[in-house]
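A short write-up of the structure that comes next.
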Amino acid sequence: MELNLTPLNLPSDQERAFIIAGPCSAETEEQVMTTAKQLAGKGCHIFRAGVWKPRTKPGGFEGHGEPALPWLANVKKETGMLIATEVATPKHVELALKYGVDILWVGARTTANPFAVQELADALKGTDATVLVKNPVNPDLELWIGALLRINGAGIQKLGAIHRGFSSYEKKLYRNEPMWQIPIELKRRLPQLPIVCDPSHISGRRDLIASLCQQAMDLGFDGLIVESHCDPDNAWSDASQQVTPEVLDFIVSRLIFRDTSEHTDRLKDLRQEIDELDNELIDLLAKRMKICRSIGEYKKESGMTIVQTRRYSEILDKRGAQGSLLGIDTHCIKNIFEHIHEESVRQQMEIINK
Ligand code: PEP
Ligand code: MN
């Protein structure tokens, strides 16, 4: 499965990542322009603001819709920033493009619905839009990829993904669980696809934004989309997760951009060491399996059962404790030994049933 992509070429004030910033919602003409000017003053090049707001329950602020689009267009005219907004219907696409919105993003609730995504894809056909697709609310990588394929299939080549975390019934530290393994797997499957992290919707809390931004950079994400408001506490939506442009600037100034180039000599050497150790690990496992097969022969001859639970528990406990002494998580070791044990049992079964 391949996507047909061209680079986004978004302006970036950072060494490596581009940053999209702006309020959750476009509330008033003044709030939009004040926030945008403060962000532009801090060197930000891409402005976000929601014009159509998907709300969990009716009664909240659902966005001004079309009347707010000229406010974004003015931001572009006065500050030179690119402008971005969420689209959820073909009408949104048509209006956003009409007012010169540069980047359209598909929200998490929309990505979860293939009918809605296909309608958006059809509406985007023949345009030169840049589109970012948020992950669906549920942790379903295939659904996320499906949405990207539909939009790419409509000829949209300036395409990227936004990781905004996954909702869960049980509320934990984060508003939406990051489940980093999912965007990492997306990157593995579609290496050319740019991925942007949205620490605001992952965390739901402004005090967690800085560490999430750093984590995203450490994982090689291509950009960040952060909610920033001139008066966060009085925001009409998502107040607790927005930061002032000043705070955002501070967060960005502290980010460490590590080298992601694959070819540094040091990295090559270390990877070679890992490869050698992996070879040894497989050799050892094969030797271990050979002994397991001998045990299988013995059990067969003496009519014993294959799984002897006391011995199995002893291995898990002993190796779990040993692992933790050596700085490896006990659960991780137990999981590894569960898999090894499963394969030993399978091999012994083969012998016994021969
Ligand atoms: C937003 O970006 O303001 C938004 C509604 O995001 P999500 O679709 O990730 O909930
Ligand atoms: Mn929001």
Side-chain angles (χ1 to χ4, degrees), residues 19-27 31-32 35-36 39 46-58 60-65 68-69 71-72 82-89 92-93 96 101-113 116-117 120 130-140 143-144 147-148 151 160-168 171 174-179 182-183 186 195-206 208-209 212-213 216 221 223-244 248:
I19 296 171
I20 304 171
C24 178
S25 308
E27 299 164 5
Q31 169 253 10
V32 166
T35 308
L39 286 166
I46 315 170
F47 183 77
R48 65 149 280 160
V51 161
W52 296 280
K53 299 303 300 175
R55 304 313 300 268
T56 303
K57 291 186 186 128
F61 174 57
E62 297 194 324
H64 294 291
L69 287 169
W71 308 343
L72 298 198
L82 299 181
I83 50 176
T85 203
E86 172 173 348
V87 290
T89 68
H92 296 168
V93 171
V101 175
D102 303 283
I103 300 169
L104 312 180
W105 83 77
V106 179
R109 293 155 194 79
T110 309
T111 307
N113 178 352
V117 173
L120 286 182
T130 297
V131 179
L132 301 176
V133 179
K134 286 200 170 198
N135 63 256
V137 280
N138 50 323
D140 185 341
L143 195 55
W144 195 2
L148 289 158
I151 291 179
I162 300 177
H163 168 231
R164 51 77 80 194
F166 302 89
S167 79
S168 64
K171 288 291 163 245
Y174 296 110
R175 174 180 174 187
N176 292 298
E177 285 302 308
M179 305 180 86
I182 295 181
L186 179 68
I195 307 188
V196 181
C197 179
D198 176 345
S200 311
H201 290 90
I202 292 176
S203 66
R205 283 169 45 171
R206 57 181 76 115
L208 296 174
I209 288 176
L212 285 167
C213 288
F221 277 53
L224 297 167
I225 177 165
V226 187
E227 285 189 341
S228 180
H229 190 293
C230 56
D231 182 10
D233 286 332
N234 291 307
W236 297 4
S237 58
D238 288 351
S240 58
Q241 70 193 32
Q242 305 207 51
V243 292
T244 59
L248 177 63

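Every heavy atom of this structure was used, including side-chain atoms; hydrogens, water molecules and symmetry mates were not. First listed ligand is number 1; within each ligand, the first listed atom is number 1. Along the sequence shown, residues are numbered consecutively beginning with 1. Being a predicted model, the structure only gives us computed values, none of them experimental.
In the candidate list R175, H201, Q241, H201 is nearest to atom 1 (C) of ligand 1, counting heavy atoms.
Looking only at side-chain heavy atoms (C-beta outward), Q31 and S25 stay at 4.5 Å or farther from each other.
Summarising the geometry of G50 relative to W105, their closest heavy-atom pair is N-CH2, 4.5 Å, with the distance given to 0.1 Å.
In D238, the N, O or S atom that comes nearest to the Mn ion (ligand 2) is OD2. The name of the N, O or S atom in E227 nearest to the Mn ion (ligand 2) is OE2.
Atom-to-atom distance recorded for L186:CG and N135:CG is 9.5 Å, nearest 0.5 angstrom. Put simply, OG on S203 and CZ on R175 are 8.5 Å apart, with the number rounded to the nearest 0.5 Å. For the atom pair T111 OG1 and L148 CG, the distance stands at 8.0 Å (nearest 0.5 Å).
Contact atoms of ligand 1 toward R164: 7 (P), 9 (O), 10 (O) (distance under 4.0 Å to a heavy atom of the residue). Close contacts between ligand 1 and R48 involve ligand atoms 1 (C), 2 (O), 3 (O) [criterion: under 4.0 Å to a heavy atom].
The protein non-hydrogen atom at the shortest distance from atom 5 (C) of ligand 1 is E86 OE1, 3.6 Å. Looking at atom 8 (O) of ligand 1, its nearest protein heavy atom turns out to be A108 N, 2.9 Å. Among all non-hydrogen protein atoms, the one lying nearest atom 7 (P) of ligand 1 is K134 NZ, 3.4 Å.
Not a single heavy atom of G50 sits closer than 4.0 Å to an atom of ligand 1.
Taking 4.0 Å as the cut-off between side-chain N and carboxylate O, R206 and E227 do not count as a salt-bridged pair.
Checked by atom type, the side-chain pair H229/D238 shows no donor-acceptor distance below 3.5 Å.
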